[in-house]
Every structure is written in structure tokens, then in C-alpha cells.
Amino acid sequence: MAAFNLTPYDPSTFILMGIPGLEAAHVWISIPFAMFYVIGLLLGNFTLLFVVGKEQTLHKPMYLLLCMLALTDIATSTSIVPKALCIFWFNLKGITVGGCLTQMFFLHTISIMQSAILVIMAFDRYVAICNPLRYTTILTNAQIARLGLVGLIRAVLFSLPMPLLLSRLPFCSNRIIPTTFCEHIAVAKISCGDITANKMYGLVIVILIIGLDLTLISLSYGLIIRAVLRISSKKAHQKSLNTCTAHIFVMLMYYTPALFSNLTHRFGQGIAPHVHIILSNLYLLVPTMLNPVIYGVKTKELRDKVCKYTCRN
């Protein structure tokens, strides 16, 4: 079977190994991958998009942001899971160099875009709680769309140099990528050339994207917490905290493993490769499954509308 006999010396092909050291368990590992994909994509994010699209009362900035987040979740899981399942189920490990660079570009673009959406969501909650009387004038649907477009342009501009930097590198006999998807530093490490520029640019991304966005989010929620503590009404106090809890949990779920994955790529030589690979996949896939669940549970208006379509007798 020709598809199974790709060698690491094919100059037009990389080989994604899946999870090295756990090849015997690939079929079992594929079960949570498929589960994350079906639950996150079909039952979660598509349901959210459908309900928000159908309900005029949900055509508000916060729900528009949730739809944007759902679209990035769908794009993330669709970029990773089908190829991973081909590796786990059919041993189809080959990926063309162009396909690898394209997957890497889209994954990093989506990841940076998600970070931008989380920043906008933090700003949205800040305005809603700290300046509620001006909320409808500061944050309209059109303004959210413009901020989303700026976030997308930023994501493309920061992601584009990664495949360009990789395309200039020589790849010798070793063309085996020990993971399930093409990630910038993972691909750079198998090159037989100087990857200093790739490492430096990867560090710049961590500092400018994760570092800056986390700072803005922390500032927003610091101001929100200060404003909430000044609210005298216990009911309003509780409502504000409930509104923010889901956002904070999603941000922790995104940034904590993202930082871990980026730092272990550079400084985690003592961590077993399969542990790092599993965590890298979980950091990309688990939020896609949990985001719609978290917001569906914590946001009463959305929960009621979802129930309207799913809880009919």
C-alpha cells in the first residue's frame, strides 16, 4: 500500500509521527480526539452559532464575540483532528511540505485570532460593568466586527513570517516531525540549518501576543473586580461575578497550557516528548469542546434560548 510506505527521505514530504512512544495506543488515543471533535464541533459550537443566528434578541456584541470564538474553535479542531485521525486509524503519516506550512499558518493565525477575541471579550465585560450607561454607544455590533477584523489582520501579519522563515531552511535526511500537526518550532527543529531566527521570532510572538494580551486582559479584569467590590447591591454584585466567571475560566484554560506548550518547546528538555505532544493537542482541542458548554451554563439568556430548541417536548 503506497500511502503507508513513505520514507523520511522523500524531499516533498514530511512525516507526522503522531505520538512517538505510544504508537500501540494510537487507536485508543483516537477516541478522545474524535469525541472532542464531535462534541465541540457538532453539539457545541454549531449549536451556539445556530441559536445566536436564529434569535434576534441574541444579536448583541457579547454573543457576536461568542460566535467569533466558536468559528475559531471549529477552524482549530478541523485543522488538526482529521489528519490526526488518519495517523491513528490508517497510519497515513505523510504530509506535503506545502500542506504542512499551510496547516501551520492557519493554526497559528487562528490561535492569535483567539487571543484577540479574548482581549475584546475582556474589554466588553469591562465596559458592561464599569461603564454600563455608555455600553450600547461604545460597543455596537459594527464596532465588534471592526475590532474582529483588526484582530484577524494582526493574526495574519504575525503568522505569515513563520512559513516564510521555514521555507528558507534546508531539510536533510530527517523529515520526521514527532507530533500530530505541523507547529512552527517542531518543524524548525528537524532542519539541518540554523534556526536561530525561528526561535527568536517564536519568542517575539510569545512576548508580543501572549504577554501583551494577557496584560490587557489582567488590567481589564482588575478594574472589573475593583468596580464589583464597590457595588452595594448583593444581587448586582453576584450577577457581575457570574458574568465574569465564565470569561476568566476560558482565558485560564487557553493561556495556561498555551504558555506551557510554548515554554516547554524551548526549555523543557526534561519533559517526556509524548507528554508535551499530548498537552499541545489538549491545549488546542479541549477549549473547542468546553467553550460552548461553559458559556451555555453560565449565561442564562443563552442557556434559555438553547433550551428552547433542545428541550421541546
Side-chain angles (χ1 to χ4, degrees), residues 45 48 52 60-76 106-132 134-160 162 201-228 240-263 283-284 286-288 290-292 294-295 298-299 302:
N45 290 299
L48 189 152
V52 174
K60 302 174 183 177
M62 184 175 77
Y63 297 106
L64 180 57
L65 285 168
L66 291 183
C67 287
M68 291 164 64
L69 191 64
L71 289 172
T72 61
D73 286 341
I74 291 169
T76 299
F106 277 109
L107 278 176
H108 285 287
T109 298
I110 295 163
S111 183
I112 295 171
M113 181 63 190
Q114 282 178 323
S115 187
I117 293 170
L118 293 177
V119 172
I120 300 169
M121 290 174 79
F123 179 63
D124 171 81
R125 290 302 85 202
Y126 164 74
V127 176
I129 293 171
C130 298
N131 205 347
R134 297 186 59 200
Y135 178 79
T136 55
T137 56
I138 295 174
L139 285 175
T140 62
N141 287 346
Q143 184 65 18
I144 292 294
R146 281 192 287 270
L147 290 172
L149 181 60
V150 171
L152 179 60
I153 292 170
R154 181 189 76 153
V156 170
L157 291 177
F158 274 103
S159 298
L160 192 57
M162 296 184 199
Y201 188 72
L203 199 57
V204 167
I205 291 292
V206 172
I207 295 169
L208 289 184
I209 301 298
I210 298 181
L212 178 61
D213 289 359
L214 262 179
T215 301
L216 293 173
I217 289 169
S218 299
L219 178 62
S220 294
Y221 279 101
L223 294 171
I224 288 170
I225 291 169
R226 187 180 70 171
V228 167
S240 298
L241 285 178
N242 283 338
T243 303
C244 294
T245 302
H247 294 272
I248 293 172
F249 186 79
V250 166
M251 289 166 193
L252 288 173
M253 189 171 59
Y254 174 81
Y255 285 109
T256 304
L259 279 170
F260 178 84
S261 179
N262 276 284
L263 293 175
Y283 127 68
L284 290 169
V286 171
T288 68
L290 293 183
N291 284 347
I294 293 167
Y295 288 115
K298 296 297 291 185
T299 310
L302 178 59

Query raised in the report: Can you tell me how far the CG atom of Leu219 sits from the CG atom of Leu214, to the nearest 0.5 Å?
Result: 12.0 Å
Report task. Would you check if the side chain of Tyr254 reaches a backbone N or O of Ser111 as a donor-acceptor pair within less than 3.5 Å? Result -> yes
Query - Atom pair CD1 (Ile110) and OG1 (Thr76), whose distance is rounded to the nearest 0.5 Å - result: 4.5 Å
Query raised in the report: Do Tyr255 and Ser115 have side-chain N/O donor and acceptor atoms under 3.5 Å apart?
Result: yes
**Report entry** Partner of Ile129 by side-chain contact (heavy atoms from CB on, under 4.5 Å), out of Ile225, Val228, Leu223
**Finding:** Val228
**Report entry** Chi angles and distances behind the side-chain contact (heavy atoms from CB on, under 4.5 Å) call for Val250, Met121
**Finding:** CA-CA 11 Å; Val250 166; Met121 290 174 79; over 6 Å; no
Requested in this report: State, without any angle test, whether Tyr135 and Asp124 hold a side-chain donor-acceptor pair at a distance under 3.5 Å.
Outcome: yes
Requested in this report: Answer yes or no: are there more than 12 heavy-atom neighbours, outside Tyr126 itself, under 6.0 Å from its atom OH?
Outcome: no
Query - Val204 vs Ile207, side-chain contact (heavy atoms from CB on, under 4.5 Å): CA-CA, chis, key distance, verdict - result: CA-CA 5 Å; Val204 167; Ile207 295 169; 5.9 Å; no
**Report entry** Nearest-0.5 Å distance, CG of residue Leu64 to CD1 of residue Ile144
**Finding:** 6.5 Å
Query - Chi angles and distances behind the side-chain contact (heavy atoms from CB on, under 4.5 Å) call for Leu69, Leu48 - result: CA-CA 10 Å; Leu69 191 64; Leu48 189 152; over 6 Å; no
**Report entry** Rounded distance (nearest 0.5 Å) linking atom CG of Asn141 with atom CG of Leu65
**Finding:** 9.0 Å
Query raised in the report: Can you name the closest pair of heavy atoms from Ile217 and Met251 and give their distance?
Result: CG2-SD, 3.4 Å
Report summary line: For Cys130 and Ala227 the tightest heavy-atom approach is SG-CB, 3.6 Å
Report task. Please lay out, stage by stage, how Leu216 and Phe123 fare under the test side-chain contact (heavy atoms from CB on, under 4.5 Å). Result -> CA-CA 9 Å; Leu216 293 173; Phe123 179 63; over 6 Å; no
Query raised in the report: Taking only residues two or more places apart in sequence, or in another chain, which ones meet Asp213 in a salt bridge (charged side-chain N to carboxylate O under 4.0 Å, His left out)?
Result: Arg154
Query raised in the report: Once you round to the nearest 0.5 Å, how far does CE of Met113 lie from CG of Leu71?
Result: 9.0 Å
Query raised in the report: Which atom pair, heavy atoms only, marks the closest approach of Leu208 to Leu212?
Result: O-CB, 2.9 Å
Query - Validation row: Thr299, Met62 side chains within 4.5 angstrom (heavy atoms) - result: yes
**Report entry** Separation between CD1 of Ile117 and CD1 of Ile112, rounded to the nearest 0.5 Å
**Finding:** 12.5 Å
Requested in this report: State, with a plain yes or no, whether a side-chain heavy atom of His108 is found less than 4.5 Å away from one of Phe158.
Outcome: no
